[in-house]
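Contents: one structure, followed by commentary.
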Amino acid sequence: MNFKTNFYTETEPFTRTITLLGQQVELRIRPSGFGWRFGDGEELSTRSGGSPYPRLEITHRYLAEGQVGPAVDTTYAADWRVNGGAWQPVPGTVTIPGAPVPLEVVEATPTLVGYR
């Protein structure tokens, strides 16, 4: 509760190839935005998926102890091409809602330790 909590997600771009009406269609799909829901009513939109510690890109300071359920919604954009042709953008995006993850917020208590 006294410190910022670091958040990040490991979402990578990916490709898919399908055959549609006898034609090879390739899709390049990439995350383009993230909607962070921290479980205490606070939200944040970013273009970054954050980073693990020690890089603190996406942080949130909880103001009260208790159970929360933070989640991240990922928005994807894509490009397509047919039979190895030129890449074209797919109009629009798709947002996949993330499931809340249980998190217990506790108060951090500093402790002095003597060294000999």
Side-chain angles (χ1 to χ4, degrees):
M1 181 169 96
N2 296 342
F3 295 98
K4 293 179 181 178
T5 301
N6 186 47
F7 288 90
Y8 72 98
T9 184
E10 295 178 338
T11 304
E12 297 293 326
F14 59 97
T15 59
R16 292 289 184 265
T17 302
I18 61 172
T19 300
L20 183 64
L21 301 173
Q23 307 298 311
Q24 184 178 21
V25 179
E26 293 175 82
L27 297 167
R28 289 189 306 202
I29 304 161
R30 65 194 175 284
S32 61
F34 302 89
W36 304 90
R37 294 177 281 125
F38 298 110
D40 62 354
E42 297 292 322
E43 297 181 358
L44 176 66
S45 294
T46 65
R47 294 192 60 145
S48 169
S51 299
Y53 183 84
R55 290 188 61 213
L56 304 176
E57 286 184 59
I58 311 298
T59 63
H60 180 68
R61 186 183 306 265
Y62 289 97
L63 301 178
E65 293 180 285
Q67 293 284 12
V68 294
V72 60
D73 304 331
T74 305
T75 299
Y76 292 92
D79 299 309
W80 63 274
R81 70 179 177 180
V82 177
N83 297 327
W87 288 102
Q88 303 291 322
V90 173
T93 58
V94 173
T95 299
I96 307 298
V101 176
L103 175 66
E104 183 177 357
V105 178
V106 297
E107 185 173 359
T109 306
T111 303
L112 293 176
V113 178
Y115 293 96
R116 296 184 188 247

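Both backbone and side-chain heavy atoms feed into the values below; hydrogens, waters and symmetry mates do not. Please read all numbers here as calculations on a predicted model, not as lab measurements.
Of the possible donor and acceptor atoms, none in the side chain of R37 sits under 3.5 Å from a partner among the backbone N and O of P100. Side chain of E26 to backbone of R81: no donor-acceptor contact under 3.5 angstrom is found. The backbone N or O of S51 lies less than 3.5 Å from a partner atom in the side chain of N6, making a donor-acceptor pair.
Expressed to the nearest 0.5 Å, how far CZ of F34 lies from OG of S45 amounts to 11.5 Å. Atoms CG and CD, on N83 and Q23 in that order, are 4.5 Å from each other to the nearest 0.5 Å. Considering OG1 of T75 and CD1 of I96, their distance stands at 8.5 Å, rounded to 0.5 Å. W36 contributes atom CH2, which lies 13.0 Å from atom CD of E43 (distance to the nearest 0.5 angstrom). The line from OG1 of T9 to CD1 of I58 is 10.5 Å long, rounded to the nearest 0.5 Å.
In plain terms, the two heavy atoms of A71 and G98 that are nearest each other are CB-O, 3.6 Å. Here the shortest heavy-atom pairing between F3 and A108 reads CE1-CB, 3.2 Å. The heavy-atom pair separating D73 from P97 by the smallest distance is OD1-CA, 3.2 Å.
Annotation: E10, atom CD; neighbour count of heavy atoms from other residues, nucleotides and ligands within 6.0 Å does not exceed 12.
By the salt bridge (Lys or Arg N to Asp or Glu O under 4.0 Å) test, D79 is found to be paired with R28, R30, residues two or more places apart in sequence or in another chain being considered.
Note on W87 and V82: separate hydrophobic clusters, where clusters join Ile, Leu, Val, Met, Phe, Trp and Tyr whose side-chain heavy atoms are under 4.5 Å apart, directly or indirectly. Under a hydrophobic clustering in which Ile, Leu, Val, Met, Phe, Trp and Tyr are joined whenever their side-chain heavy atoms come within less than 4.5 Å, directly or via other members, L27 and Y76 fall into the same cluster. Residues Y62 and V101 are members of separate hydrophobic clusters, defined by side-chain heavy-atom contacts under 4.5 angstrom among Ile, Leu, Val, Met, Phe, Trp and Tyr. Linking Ile, Leu, Val, Met, Phe, Trp and Tyr whenever their side-chain heavy atoms come within less than 4.5 Å puts L20 and I29 in one cluster.
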Practice task
For L44 and E42, run side chain to side chain contact (heavy atoms under 4.5 Å, CB included): C-alpha distance rounded to whole Å, both residues' side-chain angles, the deciding distance at 0.1 Å, then the answer.
Solution key: CA-CA 7 Å; L44 176 66; E42 297 292 322; over 6 Å; no

Problem - Pair V72-F7, side chain to side chain contact (heavy atoms under 4.5 Å, CB included): steps then yes or no - result: CA-CA 9 Å; V72 60; F7 288 90; over 6 Å; no

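The aromatic rings of F38 and H60 sit parallel, their planes meeting at an angle under 30°, below the 60° perpendicular limit.
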